[in-house]
Amino acid sequence: MNNLTLRQRLLILTLLPSALITTLLVLYFSMTGINAIEDQLRGKGLATVRYLAPVSEYGIIAGQMDGIYGLVQAAMQEPGVKAAIIVNPKGRTLAVSGRVSLPAEIIRQHLDKPALVAETETWIAFGAPVIRTQSDSDPLFDIAGLDENPQETIGHVFIELDKLDLIERQRDLILQGLIAVLTGLGLMGALAIAMADQLAKPLQRLTAAVRQMSAGHFGTRIPASSSGELRILEDGFNDMASHIEGAHQSMQSRIEEATAQLVFQARHDALTGLVNRREFELRLDKALANVHAGGDEFSVLFIDLDRFKAVNDACGHLAGDELLRQIALLLQGRLREEDTLARLGGDEFGIMLANCGLIKARQVAQDICALSAEYRFVWQDRIFAIGASIGLTPVSRDVREIQEIFALSDAACLRAKELGRNQVCEMAPATQTERRRDRGNWAGRLANALSEGRLMIEAIPLRALQPGVPGGPMAELSARLNEPGQAPVALSALIDAAERYDMSSSFDQHFLDTAIRALARANKQHMPMTCMVPLSRASISTPETGDYIAARLAEHAIQGEGLCLMFSEDVSTHQTSQLIEFSRRMRELGCQIVLTEFGGAISSFTQLRTVAPSHVRLSQSLTRDIGDGMTSTALLRAILEITGEQQIFPIAEAVDDTPLLEHLHRLGIAYARGKAVAPREPFDAWFEGVVMRGSRG
Ligand SMILES: Nc1nc2c(ncn2[C@@H]2O[C@H](COP(=O)(O)OP(=O)(O)OP(=O)(O)O)[C@@H](O)[C@H]2O)c(=O)[nH]1
């Protein structure tokens, strides 16, 4: 019963009792009808013999066989009579008509009065005595003995009635009963269905509408077509649905607004509203792919403002921010719609000049130089002159990946600074021949640096800002290539070169060896220590990296505890499955994973679940504007909440001044690194001084 719908239940409840009552009533009336027909037949039989007996008297007494025969013939004319017999007192037949079924012993029996004498399924027989009655004429006939016995039985009459007619009528009666039952049931069924529909249909509509609503179709409404309480329910549902839909729509639009804002923030710089470095990289990537596909070549400008720090130092960061905003407008004014202007960080801007060769790009860069030189920044009663050092790179098919554009433009910009600022320097991508030569050069330089120990490993110390986070000496490993007579080469350029010339694994192994050796020594002395080792993209893809780490840990008989392997968020986005597998293996060894550049994009949050890092190093774009940037603070708070729930420690980088450090501490950031924490130093010096002797930090 529980599985039945409301309509079915209503139908059962109304139909079942009425069907029962109708059937009983019809049965009762049919049975009464059948009995009446039987009584009628009996009455008719008795009446016939009652009539036949006296009229036969004279014929029997007078022995007029013709008369008696005439009587039985006449009886046969009655409808339903199948046989008629007149017998003498001894049962001998005097006259008979029809097909007699009565047995002889019944015919021979003596009857006192008219009675039913026999009955089968197909016929019924009645008999009556023929009694001699005294009449006025009797003495004339002088029949002997009449006086003495006036009630003498002088014979019997019998008639047999056919019951077929009776059966037929009974059958008709039952059939009529059945028809009555079925008609009644049909009518009641139709009535019950109409009633059930009237009640159940609106309720079914309501149920379906509630289901639709709970499935998220908030526009669902039902026709308010019922009356009474059902109408109140329908109207109430529609009102409720309207309210829910309204609330949902306003919530949805707020979510969409917030999402759009987040997406915008993830792609734009909060201070200037320009696209940020990440978005700039994406657009460069797209444009480069287009060049490789035969599309237009383009040019890239890297701009580093000159003497910007002086504004900050003299008038504070608010003034510096205002200057950055004004410069953004100044630059934008010189560009076309199809060009992209981005703030890459600090006082650095990037420009992608669409469909623009070297000559045209040179002109734009010169114009920007001139504009920047002419520009004056006025803050309160002070006026500042700044300038722009610009690195220009024309991008052709010779460029293989955007890292090359960054390296070339960076180097060109640096050169412009070195040559006296406010000027344009160009760096064209290497041709195939130059590349081969360069490869030889770099490969040799890196190989020599590794074998001759000229690759200086440095420690960038970290400080725990919160009381509850794991403490102890902690440092991120970095490297610098020191070659005689050459400017030192920074880590990013080294990693770039190592990746480009397939030397990543030797490079990474050098880092790993340094860290694992130090961890083993610290372990022996029971000194706590954490080393964060940056690994290249290539290391993720090869299982050999995991094997190498496992082998080195085993060789020094230590667990991976204290060894944190660092990957940029970019690696985790593009090589997610490899990173998941790698981090699983590392966790088995007791090592931890650090994701860097975290929070620059929404995709970062997905990595938290898949990669399950122990630490995240926050994107500089999040902490740079923290002093006055409400958005960054809000974003940081959101990140802290999410990472806090998952026991992931956030690290802030480039923390160069004490106010920022204090601000981060107040916000709840777990660790910080930068000039305000401790300067970078050779790893060995840090290890001996901070870890082994505990003299600093
Ligand atoms: N006001 C403000 N200052 C910033 C922001 N981001 C970075 N800075 C500061 O900008 C300065 C950039 O340093 P530099 O490029 O060495 O300064 P500079 O005076 O332009 O030096 P040159 O490029 O050698 O001429 C640093 O002092 C940063 O602290 C920011 O968003 N707002």
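Just so it is clear, the values below take in all heavy atoms, side chains as well, and ignore hydrogens, waters and symmetry mates. In listed order, ligands and their atoms are each counted from 1.
- Which parts of ligand 1 touch Lys309 is read off a 4.0 Å heavy-atom cut-off, strictly below it: atoms 17 (O), 18 (P), 19 (O), 20 (O), 27 (O).
- Considering Asp347, Leu323, Asp306 in turn, Leu323 is the only one that fulfils the side chain to side chain contact (heavy atoms under 4.5 Å, CB included) rule with Ile386.
- For the residue pair Ser536/Asp508, the side-chain donor-acceptor check at 3.5 Å is satisfied.
- At a cut-off of 3.5 Å, with distance as the only test, no side-chain donor of Tyr671 or Gln466 sits close to an acceptor on the other residue.
- Comparing Asp347, Thr272, Asp306, Leu660 against atom 15 (O) of ligand 1, the shortest heavy-atom distance belongs to Asp347.
- Here is the list of ligand 1 atoms found below 4.0 Å of a heavy atom in Leu324: 30 (C), 31 (O), 32 (N).
- At a heavy-atom cutoff of 4.0 Å, ligand 1 is contacted by no atom of Leu318, backbone or side chain.
- Looking only at side-chain heavy atoms (C-beta outward), Glu641 and Arg637 stay at 4.5 Å or farther from each other.
- Aromatic rings of Phe582 and Phe567 (six-membered ring for Trp) have centroids within the 6.0 Å cut-off, being under it.
- Taking only non-hydrogen atoms, the option from Arg343, Lys675, Arg307 nearest to atom 5 (C) of ligand 1 is Arg343.
- Checking only distances, Ala310 never comes within under 3.5 Å of ligand 1, N or O to N or O.
- For Arg415, the CZ atom is loosely surrounded, since the number of other residues' heavy atoms within 6.0 Å does not exceed 12.
- Not close to ligand 1: Glu322, with no non-hydrogen atom less than 4.0 angstrom away.
- Listed by number with element, the atoms of ligand 1 under 4.0 angstrom from any heavy atom of Gly320 are 1 (N).
- Residue-ligand proximity: Glu348 is placed with every non-hydrogen atom at 4.0 Å or more from ligand 1.
- Atoms of ligand 1 found under 4.0 Å from any heavy atom of Asp321, numbered from 1 in the order shown, are 1 (N), 2 (C), 30 (C), 31 (O), 32 (N).
- Ion pairing of Arg480 with Glu458 is present here, as a side-chain N (NZ or NE/NH1/NH2) and a carboxylate O approach within less than 4.0 Å.
- A side-chain donor-acceptor contact under 3.5 Å links Gln326 and Glu322.
- Using modelled atom types, no side-chain atom of Lys417 and backbone atom of Asn422 make a donor-acceptor pair closer than 3.5 Å.
- Summarising the contacts of atom 9 (C) of ligand 1 with Leu414, Asn312, Ile386, Asn422, the nearest heavy atom is found in Asn312.
- Between Leu305 and ligand 1, at least one N/O pair is under 3.5 Å apart.
- Comparing heavy-atom distances from atom 22 (P) of ligand 1 across Glu418, Arg421, Arg325 singles out Arg421 as nearest.
- Applying the 4.0 Å criterion to heavy atoms of Asp304 picks out, from ligand 1, the atoms 15 (O), 23 (O).
- Gln423 has its side chain out of reach of Ile390: every pair of non-hydrogen atoms, C-beta onward, lies at least 4.5 Å apart.
- Less than 4.0 angstrom separates some heavy atom of Lys417 from each of these atoms of ligand 1: 22 (P), 23 (O), 24 (O), 25 (O).
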